[in-house]
Undergrad: 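Please find one structure pasted underneath; my questions will follow.
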Amino acid sequence: MAQSFDVVVIGGGPGGYVSAIRCAQLGLSVACIEERVHKGKPALGGTCLNVGCIPSKALLDSSWKYHEAKTSFAAHGISVKDVGIDVPAMITRKDEVVKQLTGGIASLFTANKVTWLKGHGKLLAGKQVEFTAADGGATEVIEAQHVILAAGSAPVKIPVAVVDNETIVDSTGALEFSAVPKRLGVIGAGVIGLELGSVWARLGAEVVVLEAVEAFLPMVDQQIAKDAAKILAKQGLDIRLGCRVTGTEVKKGKVTVTYSGKDGEKSESFDKLIVAVGRAPVTQNLMSNDCGVTLDERRFIAVNNWCQTVVPGVYAIGDLVRGPALAHKAMEEGVMVAERIHGEQAQVNYDAIPGVIYTHPEIAWVGLTEEQAKARGEPYKTGVVPFAANGRALASAESHGMVKFVADEKTDRMLGMHVIGPQASELVHQGLIALEFGATMEDLQLMCFGHPTLSETVHEAALATDYRAIHIAQRKRAK
Ligand code: FAD
Ligand code: AMP
């Protein structure tokens, strides 16, 4: 007899594994089909845990420690001789972190009685799922009351720079270099390109980032993006905007990249090239032609606000669907869908999803940018305070950057918070909580923040929206 579950989830990344666990918590019988094999072993956790968020942050942290030891310990009076970098050891540490976390998901599945089916899943008509076991077992058809598609995304391939996994790599290959390349090219100045470029630049590579469009970080508040461009350039990242890569040639372990920009056609030679031009949803071989699920105009699976596809009982979440390609967005959609299947009225607030770029300093934001607030046509106000006016930031020699609030002029409600600076990824959650609770700037102004903390700059930026900041000179008189 065919196996049957209340819910079958296809994909065990942050969207899929979280939805499977939440379904199990709610008393539903659930199977999660995941086909990934990482370093020779079946692995849960998807892109994020295996080749995305976690390994990239592990390498960002290791490379930052090396960079600091080399460049800034001396200012603290600490002398370290012969600072060296053992790249294979750094990669091994990263692999250990990944192993610990992906193993943790497998244990959570066991604890929650989620059945992990190791192999490939394909949605058929009538909410049936074809399962092909990775160990070569027979293909079987599984019955499901509900199906959650969570197959995620894969790096976009471009014909002008074909990944050979030697000289030209994608984001996955860039997490596995065995030595620091002398000259490194990166195609794409998006989040992934900047983060991976930063890792290898800190370790000593000469890094050139080629970006087709003229705007730098168009999704980020442009005051913050301008500051980021300056700081990253000072760190040695050579970011060339308006430069579209038109061809590559690999010869004797080096790659020559041709690109066209405002000065015409140019070329550069690199030891390694990272292609980081975005990610595309994995819809191939995920669904039969007659399953009924449709794609939208950008080839994502078409869903409504509750991640329902056009087929009743079939949902799609995470990188497979519209919205930012972020692990926490995938997870929240996973929880929402599980709870909706259970009959609850859950939803995701798509207006309050934080974004983070883990460069140094970090860049983080939530809510509307100043450009978006302006486009609304309603009066707005901003408050901007630099970390240079923060005692804690100065004490720890981390005083680059700023906190910026964007608020509604009439209602005083917070609309957005933007941070470039130390611990931005953590500080931004103060803005997230304020946004979700509909806080006004006055609410934040009236709170007593601890001293000396980086958070004081959040407080000061809230005060600055009404010209009340104490530690910077503001032009207008206080109200
Ligand atoms: P995925 O994580 O892609 O998981 C989908 C899984 O489904 C995969 O494991 C795949 O093997 C499996 N699968 C696909 N098809 C099938 C099938 N037919 N049968 C069985 N299994 C299948 N996001 C952040 O929020 N913060 C970050 O710091 C961050 N850093 C990143 C760094 C890098 C280098 C990269 C590449 C991405 C990063 N992301 C980050 C993005 C994040 O990884 C994704 O948004 C997130 O993983 C999406 O989750 P998902 O569950 O939708 O899909
Ligand atoms: P993201 O989608 O945020 O990861 O960013 C990918 C970036 O790659 C985008 O900013 C694109 O403009 C850029 N890009 C895509 N194709 C090319 C190309 N051929 N040359 C240079 N940049 C590119």
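Whatever order the structure lists them in is the order used to number ligands and atoms, beginning at 1.
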Undergrad: Heavy-atom distances under 4.0 Å decide this one: backbone, side chain, both or neither, for A330 against ligand 1?
TA: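 Answer for A330: side chain.
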Undergrad: With a 4.0 Å cut-off on heavy atoms, does Y358 reach ligand 1?
TA: yes
Undergrad: Which residue owns the protein heavy atom closest to atom 41 (C) of ligand 1, what's the atom, and how far is it?
TA: A325 O, 3.7 Å
Undergrad: At what distance is the nearest protein heavy atom to atom 29 (C) of ligand 1, and which residue and atom is it?
TA: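 The answer is C53 SG, 3.3 Å.
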Undergrad: May I ask you to identify the nearest protein heavy atom to atom 36 (C) of ligand 1, giving residue, atom name and distance to one decimal place in Å?
TA: R279 NH1, 3.3 Å
Undergrad: Looking only at protein heavy atoms, identify the closest one to atom 19 (N) of ligand 1 and say how far it is in Å.
TA: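 Result: G121 N, 2.9 Å.
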Undergrad: Report yes or no: does a heavy atom of V51 sit under 4.0 Å from some atom of ligand 1?
TA: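 A heavy atom of V51 does come that close to ligand 1.
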Undergrad: Residues two or more places apart in sequence or in another chain: which of them pass side chain to side chain donor-acceptor pair (under 3.5 Å) with T132?
TA: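 Residues passing side chain to side chain donor-acceptor pair (under 3.5 Å) with T132: T139.
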Undergrad: May I have the N/O to N/O pairs between ligand 2 and the protein that fall below 3.5 Å, each with atom names and distance to one decimal?
TA:
unit_1: ligand 2; atom_1: 10 (O); unit_2: E211; atom_2: OE1; d: 2.8
unit_1: ligand 2; atom_1: 10 (O); unit_2: E211; atom_2: OE2; d: 3.0
unit_1: ligand 2; atom_1: 12 (O); unit_2: E211; atom_2: OE2; d: 2.6
unit_1: ligand 2; atom_1: 19 (N); unit_2: V245; atom_2: O; d: 3.3
unit_1: ligand 2; atom_1: 20 (N); unit_2: V245; atom_2: N; d: 2.9
unit_1: ligand 2; atom_1: 22 (N); unit_2: A212; atom_2: N; d: 3.0

Undergrad: Please list the nearest protein heavy atom to atom 11 (O) of ligand 1 with its residue and the distance rounded to 0.1 Å.
TA: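 Atom 11 (O) of ligand 1 sits closest to the protein heavy atom E34 OE2, 2.7 Å.
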Undergrad: Name the closest protein heavy atom to atom 2 (O) of ligand 1, giving the residue it belongs to and the distance to 0.1 Å.
TA: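 Minimum-distance protein heavy atom for atom 2 (O) of ligand 1 reads T47 N, 2.9 Å.
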Undergrad: Of all residues at least two apart in sequence or in a different chain, which pass the salt bridge (Lys or Arg N to Asp or Glu O under 4.0 Å) check with E34?
TA: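 Salt bridge (Lys or Arg N to Asp or Glu O under 4.0 Å) list for E34, sorted by chain: empty.
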Undergrad: Kindly check if the number of other-residue, nucleotide or ligand heavy atoms within 6.0 Å of CD (E166) is above 12?
TA: no
Undergrad: Working to the nearest 0.5 angstrom, can you tell me the gap between L123 CG and S288 OG?
TA: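 Between L123 CG and S288 OG, I get 6.0 Å after rounding to 0.5 Å.
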Undergrad: For G119, state whether at least one heavy atom is located under 4.0 Å from any atom of ligand 1.
TA: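 Contact check G119 vs ligand 1: positive.
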Undergrad: Parallel, tilted or perpendicular: which one describes the rings of H146 and Y315, with boundaries at 30° and 60°?
TA: tilted
Undergrad: Under 4.0 Å, heavy atoms only, figure out whether ligand 1 is touched by the backbone of K329, its side chain, both or neither.
TA: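 Neither; nothing of K329 gets under 4.0 Å from ligand 1.
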Undergrad: Quiz question: by atom type and distance under 3.5 Å, do the side chains of E362 and S425 form a donor-acceptor pair?
TA: yes
Undergrad: Using a 4.0 Å cut-off to any heavy atom of S56, which atoms of ligand 1 qualify?
TA: 32 (C)
Undergrad: Any chance you could measure F131, atom CZ, to I10, atom CD1, to the nearest 0.5 Å?
TA: 10.5 Å
Undergrad: Could you find the nearest protein heavy atom to atom 32 (C) of ligand 1 and give me its residue, atom name and distance?
TA: G52 C, 3.4 Å
Undergrad: Would you check if the side chain of S455 reaches a backbone N or O of V458 as a donor-acceptor pair within less than 3.5 Å?
TA: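 No, because the side chain of S455 does not come within donor-acceptor range (under 3.5 Å) of the backbone of V458.
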Undergrad: Kindly write out the residues that satisfy salt bridge (Lys or Arg N to Asp or Glu O under 4.0 Å) with R183, not counting sequence neighbours, or none if the list is empty.
TA: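 Per chain and number, R183 pairs via salt bridge (Lys or Arg N to Asp or Glu O under 4.0 Å) with E206, E268.
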Undergrad: Starting from atom 22 (C) of ligand 1, what is the nearest protein heavy atom, named by residue and atom, and what distance separates them?
TA: E35 OE2, 3.6 Å
Undergrad: When you look for heavy atoms under 4.0 Å from ligand 1, do you find them on the side chain of S171, its backbone, both, or neither?
TA: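 The answer is the side chain of S171.
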Undergrad: Examine the proximity of ligand 1 to I10 and report which part, side chain or backbone, both or neither, has a heavy atom under 4.0 Å away.
TA: side chain
Undergrad: Using the rule side-chain contact (heavy atoms from CB on, under 4.5 Å), only one of M417, K226, K404 pairs with D221; which is it?
TA: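 In the set M417, K226, K404, the residue that makes a side-chain contact (heavy atoms from CB on, under 4.5 Å) with D221 is K404.
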Undergrad: How does S153 reach ligand 1, by side chain, by backbone, by both or by neither, if only non-hydrogen atoms under 4.0 Å count?
TA: backbone
